[in-house]
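Quick note on labels: first sequence line is chain A, next is B, and so on, each numbered from 1.
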Amino acid sequence: MAAHGTAQQHPIGLYLKVWALLFVLSALSYMVDYFHFQGLLRWSLIVVLMLLKAGLIVAVFMHMAWERMALICAILVPPVALLVLVGMMASEAGYTFLSRLLFFR
Amino acid sequence: MSSPATVIPMPHGEPVPVPAPAPAPAAASGWRQLVADWSADRQAFHVSWGKAMMWIFLLSDTFVFGSFLTGYMTVRGSTTVAWPNPSQVFALHIGGSDVPLILIAIMTFVLITSSGTMAMAVNFAYRRDRVNAAALMLVTAGFGEMFVGMQAFEWSKLIMEGVRPWGNPMGAAQFGSAFFMITGFHGLHVTIGVIYLIWVAVRLLRGRYERSGNYQIVEIAGLYWHFVDLVWVFIFAFFYLW
């Protein structure tokens, strides 16, 4: 019985499956390094495996998949601002890098 | 109680009914009024306040770690000196050969294992099985402590190899500051998490939540712990694998 109406009660088998999946995904991302994948293949594999792991942890272990839309939006939308910061700082880093190459070597 | 709707005539188009604002509680004034207004019976998130506040804290923590990782990206992208290869820096000499990144891989598996035991603890807590829930939380804390121990080993190894926040023998000077800042802050989170888990587990065993009939504190502690694992996923990808 949910004493406060929001108890997250899910079958234990689901947790075990996600747990196993996280192990496999972690092993795969370690393999990316172990087998020395390089370039675009390496970066895309790293990001895809990372996002899969992060999504599983947030959706199942942190129960976000069963929360109401109001909470999901309140938590998942603001980090978009971080992506904007990443975009701005990436261009800033590129500019600094070029300046250093031109004037400080 | 339904509030009477007033009708405001619009310059163009149909008049739009506007609900009258709910009557404000009159009695209080000053700070009491402020508290009454902010804690009035209006609810956006239909979860307990503890859970909502944990989520909001985790959102703010997301910005802390997001800013650290963005800063790391910026210094790594702007340096003209070659970045040390993490695959070699974090290799361990095992059985006559260097295994790349092996300690970090083991730390990753330890943390994921702890996340699994935490999820099981939450499950047992909602079945009101407090002994199993507390035992699994203590196991989780044990894995967390193991993680911190391995991190201490990793730090000592790098410090002995001459890595400092202001420089290192392997390459770009910014490597050390980014490494100590990001993994140090994450390790601090794990340490606090271990203390938090033990604290909740002890209260669980003493029957505190049995009396109040509310076991949600275990899920809230679990949220924090899974977040620590989540942050490690990003650190592992961007700092160690990139």
Which atom of A:Leu82 lies closest to which atom of B:Thr62, heavy atoms considered
CD1-O, 3.7 Å
The interface call for A:Ile57 against chain B, heavy-atom contacts under 4.5 Å, is side chain
Does B:Trp83 have more than 12 heavy atoms from other residues, nucleotides or ligands lying within 6.0 Å of its CH2?
yes
Between the main-chain N or O of B:Leu241 and the side-chain N or O of A:Arg42, is there a donor-acceptor pair closer than 3.5 Å?
yes
Turns out that what part of B:Ile104 lies under 4.5 Å from chain A's heavy atoms comes down to neither
Residue among B:Val231, B:Ile102, B:Ile56 with most heavy-atom pairs under 4.5 Å to chain A:
B:Ile102
Contacting moiety of B:Thr108, where chain A heavy atoms sit under 4.5 Å:
side chain
Hey, does B:His46 have a side-chain heavy atom less than 4.5 Å from the side chain of A:Glu67?
no
Does atom CE (A:Met31) have a neighbourhood of more than 12 heavy atoms from anything else shown, all under 6.0 Å?
yes
Looking only at heavy atoms, the pair that brings B:Gly77 and A:Phe97 closest together is O-CB, 3.5 Å
Are B:Val122 and A:His63 side-chain neighbours, meaning at least one heavy-atom pair lies under 4.5 Å?
yes
Measure distances from A:Met64 to the heavy atoms of chain B and classify the residue's part below 4.5 Å as side chain, backbone, both or neither.
side chain
Pick one of side chain, backbone, both or neither for A:Tyr15, based on which atoms fall under 4.5 Å of a heavy atom in chain B.
side chain
Rounded distance (nearest 0.5 Å) linking atom CG of A:Asp33 with atom CZ of B:Phe90
11.0 Å
Non-hydrogen atoms of chain A under 4.5 Å away: do they reach the side chain of B:Arg76, the backbone, both or neither?
neither
Let me confirm one number: the OG-CD distance from B:Ser78 to A:Glu92, rounded to the nearest 0.5 Å.
8.5 Å
Using a cut-off of under 4.5 Å for heavy-atom pairs, which of B:Thr113, B:Leu223, B:Leu101 has the most such pairs with chain A?
B:Thr113
When A:Tyr95, A:Tyr34, A:Phe23 are compared by non-hydrogen pairs under 4.5 Å with chain B, the top option
A:Phe23
Test item: A:Leu22 and B:Ser115 side chains (from C-beta on) under 4.5 Å apart, heavy atoms
no
Taking the side chain as every heavy atom from C-beta outward, state whether B:Asp229 and A:Met62 have any pair of such atoms under 4.5 Å apart.
no
Look up atom OG1 in B:Thr80 and atom CG in A:Leu102, then write down how far apart they are to the nearest 0.5 Å.
11.5 Å
Straight-line distance of B:Leu230 CG to A:Lys53 NZ, nearest 0.5 Å:
10.5 Å
If every non-hydrogen atom of B:Thr74 is compared with every non-hydrogen atom of A:Met89, which pair is closest and at what distance?
OG1-CB, 3.4 Å
Contact origin within B:Ile112 toward chain A - heavy atom pairs under 4.5 Å
both
Name the option with the most non-hydrogen atom pairs under 4.5 Å to chain B; the candidates are A:Thr96, A:Ile46, A:Leu25.
A:Ile46
Measuring heavy-atom distances to chain A, does B:Ala44 have an atom under 4.5 Å in its side chain, in its backbone, in both, or in neither?
backbone
Any side-chain heavy atom of A:Leu16 within less than 4.5 Å of one from B:Met120?
yes
With only heavy atoms counted, which part of B:Phe227 is less than 4.5 Å from chain A, the side chain, the backbone, both or neither?
both
Once you round to the nearest 0.5 Å, how far does NE2 of B:His226 lie from CG of A:Leu56?
12.5 Å
Side chain from CB out, backbone as N, CA, C, O: work out which of these in B:Phe45 comes under 4.5 Å of a heavy atom of chain A, or both, or neither.
side chain
Portion of A:Val32 that has a non-hydrogen atom of chain B nearer than 4.5 angstrom:
neither
Please say whether more than 12 non-hydrogen atoms of neighbouring residues, nucleotides or ligands are located less than 6.0 Å from NZ in A:Lys17.
no
Closest heavy-atom pair, A:Ile75 versus B:Leu59, reported as atoms and distance to 0.1 Å, is O-CD1, 3.4 Å
Any heavy-atom pair between the side chains of A:Val47 and B:Trp242 that's under 4.5 Å?
yes
Would you mind reporting whether B:Phe238 and A:Met50 have side-chain heavy atoms less than 4.5 Å apart?
yes
Select one option (side chain, backbone, both, neither) describing which atoms of B:Thr117 are under 4.5 Å from chain A's heavy atoms.
both
So A:Ser26 and B:Val233, do their side chains get closer than 4.5 Å, heavy atoms only?
no
Rounded to the nearest 0.5 Å, what separates atom OH in A:Tyr30 from atom CZ in B:Phe109?
9.0 Å
Decide if atom CZ of B:Arg127 counts as having more than 12 heavy atoms of other residues, nucleotides or ligands within a radius under 6.0 Å.
yes
